Amino acid sequence: MQSGFRAGHGCTSATLKVLNDIITAINKRHYRAAVFIDVAKAFDSVNHHILIGRLNSLGFSNDCLAWFINYFSDRVQFVKSEGLLSGPLAVSMGVPQGSILGPTLFSVYINDVALAAGDSLIHLYADDTILYTSGPSLDTVLTNLQTSFNAIQLSFRGLQLLLNASKTKCMLFNRSLPAPARPSSITTLDGSDLEYVDNYKYLGVWLDCKLSFQTHIKHIQSKIKSKIGFLFRNKASFTHAAKHTLVKLTILPILDFSNVIYNIASNTLLNKLDAVYHSAIRFVTKAPYTTHHCDLYPLVGWPSLHTRRQTHWLQVIYKSLLGKAPPYLSSLVTIAAPTHSTRSSRYISLVTPKANSFFGCLSFQFSAANDWNELQKSLKLETRISLTSFKHQLSEQLTDHCTCT
């Protein structure tokens with residue numbers, strides 16, 4: 001059971017955990033199936049009486065409960081169109097969207113749903129829910145998934161939340177095992193068959209059944225090409241400083257978001273992102289297309305995408321070591337206890353789990369330990385330092401060196 005609220009870093013941590021579980025199962029040559037659950041008008045359907053009962057069960061004081069009752073009372077909504085304002089309509093359900101408390105209260109409201117998952121795993125992240133399970137037999141996997149899905153639906157009904165069957169999808173992850181021609185249907189309690197899909201956008205990341213991230217990178221590439229096209233068409237309107245700022249604020253965030261997740265994609269796919277990144281730098285610098293990309297980075301003072309991904313990845317690992325990542329992620333890294341005293345035994349190292357395949361090495365558990373221990377060969381941390389100090393030392397360790405031939 002995991003829950004949380006919507007935030008950039010939280011999305012990344014949640015997706016890394018789910019991805020780790022899927023890769024671990026595939027590494028064992030197990031079938032892995034998932035249901036991505038969509039609830040209709042989730043935030044607007046919260047029953048205030050049930051929510052107050054949830055808060056009461058968590059030990060909130062009477063004064064605090066009274067504050068929340070007041071917070072939900074006498075709420076109204078209006079519609080304004082062309083200067084005309086409708087009459088007020090009383091709002092008797094839901095939590096305010098866009099508020100700080102809204103996602104947290106919704107998480108409290110649905111948190112106990114996870115208890116119904118049974119033999120399956122479930123990850124609740126605000127109104128995004130994934131239910132997944134694995135096993136050596138596809139029939140067993142789908143049977144267990146159906147049982148858990150039925151129980152989850154009943155829990156949602158108890159909370160007066162309605163399943164959006166048309167947007168709830170199934171996926172079979174089959175990177176190393178043959179895909180069945182006609183897998184058994186997963187059905188809703190109302191008898192509707194869920195659609196099997198090869199791609200699904202989960203917490204901002206397009207997951208595909210092969211975990212190749214081809215679809216996700218294609219979407220990033222398309223989005224950036226569109227923005228760069230607009231910038232080039234209007235380049236006469238921008239000063240050099242404005243160009244630098246525009247790319248930094250509109251292009252780099254797209255490339256940085258979830259880059260520690262799709263970092264396991266093939267070099268062929270990642271090179272496509274390099275191409276649009278280089279186009280963005282050329283827009284800023286007016287460098288001709290004959291300029292080698294290794295000569296572009298110093299012109300703007302930005303590292304390569306590889307270094308940006310590596311920097312963010314190692315920061316996630318160190319946050320997990322410090323306990324600043326969600327517990328479900330921090331629990332996947334274990335500090336190694338030295339068996340005998342050597343010079344290197346003084347340095348913080350992580351236990352590297354076994355991986356049965358190259359793909360298994362891509363799990364968070366394995367790659368985090370492996371990459372951290374490799375970093376420690378040069379960083380040589382004996383004690384945990386602040387995150388700020390770590391970032392400073394990391395920036396000195398990770399520098400771009402042209403290795404192109």
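What you see is a predicted model; the values in this text were computed from it and never measured.
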Is it the case that the side chains of [Y] and [X] hold a donor-acceptor pair, with the cut-off being a distance below 3.5 Å and no angle test?
| X | Y | result |
| --- | --- | --- |
| Thr133 | Asn144 | no |
| Asn150 | Gln146 | yes |
| Trp313 | Asn263 | no |
| Ser212 | Asp208 | yes |

Are any side-chain N or O atoms of [X] and backbone N or O atoms of [Y], one a donor and one an acceptor, separated by less than 3.5 Å?
| X | Y | answer |
| --- | --- | --- |
| Tyr31 | Asp139 | no |
| Arg54 | Tyr109 | yes |
| Lys324 | Leu321 | no |
| Tyr328 | Val18 | no |
| Thr168 | Ile37 | no |
| Asp128 | Tyr202 | no |
| Ser320 | Ser330 | no |
| Arg384 | Leu322 | no |
| Gln97 | Gly102 | no |
| Gln376 | Leu381 | yes |

Close side-chain approach of [X] and [Y], heavy atoms under 4.5 Å:
| X | Y | answer |
| --- | --- | --- |
| Val284 | Ile281 | no |
| Phe72 | Ile52 | yes |
| Leu379 | Phe390 | yes |
| Leu387 | Lys391 | yes |
| Leu296 | His293 | yes |
| Phe366 | Thr24 | no |
| Ile152 | Thr129 | no |
| Arg75 | Pro96 | yes |

query = Do Ile110 and Leu159 pass the side chain to side chain contact (heavy atoms under 4.5 Å, CB included) test, and can you show the C-alpha distance, the side-chain angles, and the key distance before you say yes or no?
reply = CA-CA 8 Å; Ile110 67 167; Leu159 296 173; 4.2 Å; yes
What distance separates [X] [atom1] from [Y] [atom2], expressed to the nearest 0.5 Å?
| X | Y | atom1 | atom2 | result |
| --- | --- | --- | --- | --- |
| His123 | Asp21 | NE2 | CG | 9.5 Å |
| Asp198 | Thr215 | CG | OG1 | 8.5 Å |
| Asn62 | Asn56 | CG | CG | 7.5 Å |
| Ile254 | Tyr277 | CD1 | OH | 13.5 Å |
| Tyr71 | His48 | OH | NE2 | 9.0 Å |
| Lys272 | Ser222 | NZ | OG | 12.0 Å |

Compare every heavy atom of [Y] with every heavy atom of [X], then report the nearest pair and how far apart it is.
| X | Y | answer |
| --- | --- | --- |
| Pro326 | Ser13 | CD-OG, 3.4 Å |
| Ile264 | Leu211 | CD1-O, 4.4 Å |
| Ala369 | Thr352 | CB-OG1, 3.7 Å |
| Ile122 | Ala117 | CG2-CB, 3.8 Å |
| Leu145 | Leu131 | CD1-O, 3.8 Å |

message = Apply side chain to side chain contact (heavy atoms under 4.5 Å, CB included) to residues Val205 and Phe213 and explain how you reach the verdict.
response = CA-CA 9 Å; Val205 178; Phe213 291 97; 3.9 Å; yes
query = With sequence neighbours excluded, what pairs up with Cys170 under the side-chain contact (heavy atoms from CB on, under 4.5 Å) test?
reply =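 By the side-chain contact (heavy atoms from CB on, under 4.5 Å) rule, Cys170 matches Val35, Ile186, Leu194, Tyr196.
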request  = Please step through side chain to side chain contact (heavy atoms under 4.5 Å, CB included) for the pair Ser258 and His216, ending with a clear verdict.
outcome  = CA-CA 10 Å; Ser258 72; His216 185 72; 3.4 Å; yes
inquiry  = List the residues meeting side-chain hydrogen bond (donor to acceptor under 3.5 Å, both in side chains) with Asp63, not counting sequence neighbours, and say none if there are none.
reply    =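 side-chain hydrogen bond (donor to acceptor under 3.5 Å, both in side chains) list for Asp63, sorted by chain: empty.
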Verdict with reasoning, Asn20 to Ser363, per side chain to side chain contact (heavy atoms under 4.5 Å, CB included) = CA-CA 5 Å; Asn20 178 80; Ser363 69; 3.5 Å; yes
Please list every donor-acceptor pair under 3.5 Å in which a side-chain atom of residues 223-237 meets a protein atom from a residue at least two apart or in another chain.
| residue | atom | partner | partner atom | Å |
| --- | --- | --- | --- | --- |
| Arg233 | NH1 | Gly229 | O | 3.4 |
| Asn234 | ND2 | Phe230 | O | 2.8 |

key: Aromatic ring proximity Trp206/Tyr262, centre distance under 6.0 Å   =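 No, ring centres 6.0 Å or more apart.
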For residues 297-306, which side-chain N or O atoms pair as donor and acceptor with protein atoms under 3.5 Å away, sequence neighbours left out?
| residue | atom | partner | partner atom | Å |
| --- | --- | --- | --- | --- |
| Tyr297 | OH | His278 | NE2 | 2.8 |
| Ser304 | OG | Thr307 | N | 3.2 |
| Ser304 | OG | Thr307 | OG1 | 3.2 |
| Ser304 | OG | Asp400 | OD1 | 2.7 |

inquiry  = Please verify the inter-ring angle class for Phe36 with Phe173; under 30° counts as parallel, over 60° as perpendicular, anything in between as tilted.
reply    =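 If you compare the ring of Phe36 with that of Phe173, the planes turn out perpendicular.
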query = Which salt bridge (Lys or Arg N to Asp or Glu O under 4.0 Å) pairs, counting each pair once, include a residue from residues 143-161, with sequence neighbours left out?
reply =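 As it turns out, the salt bridge (Lys or Arg N to Asp or Glu O under 4.0 Å) pairs with a partner in residues 143-161, which skip direct neighbours, are Arg157-Asp190.
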inquiry  = Per the salt bridge (Lys or Arg N to Asp or Glu O under 4.0 Å) rule, what does the pair list look like for residues 31-49, sequence neighbours excluded?
reply    =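 Applying salt bridge (Lys or Arg N to Asp or Glu O under 4.0 Å) to every pair that reaches into residues 31-49, excluding sequence neighbours, yields nothing.
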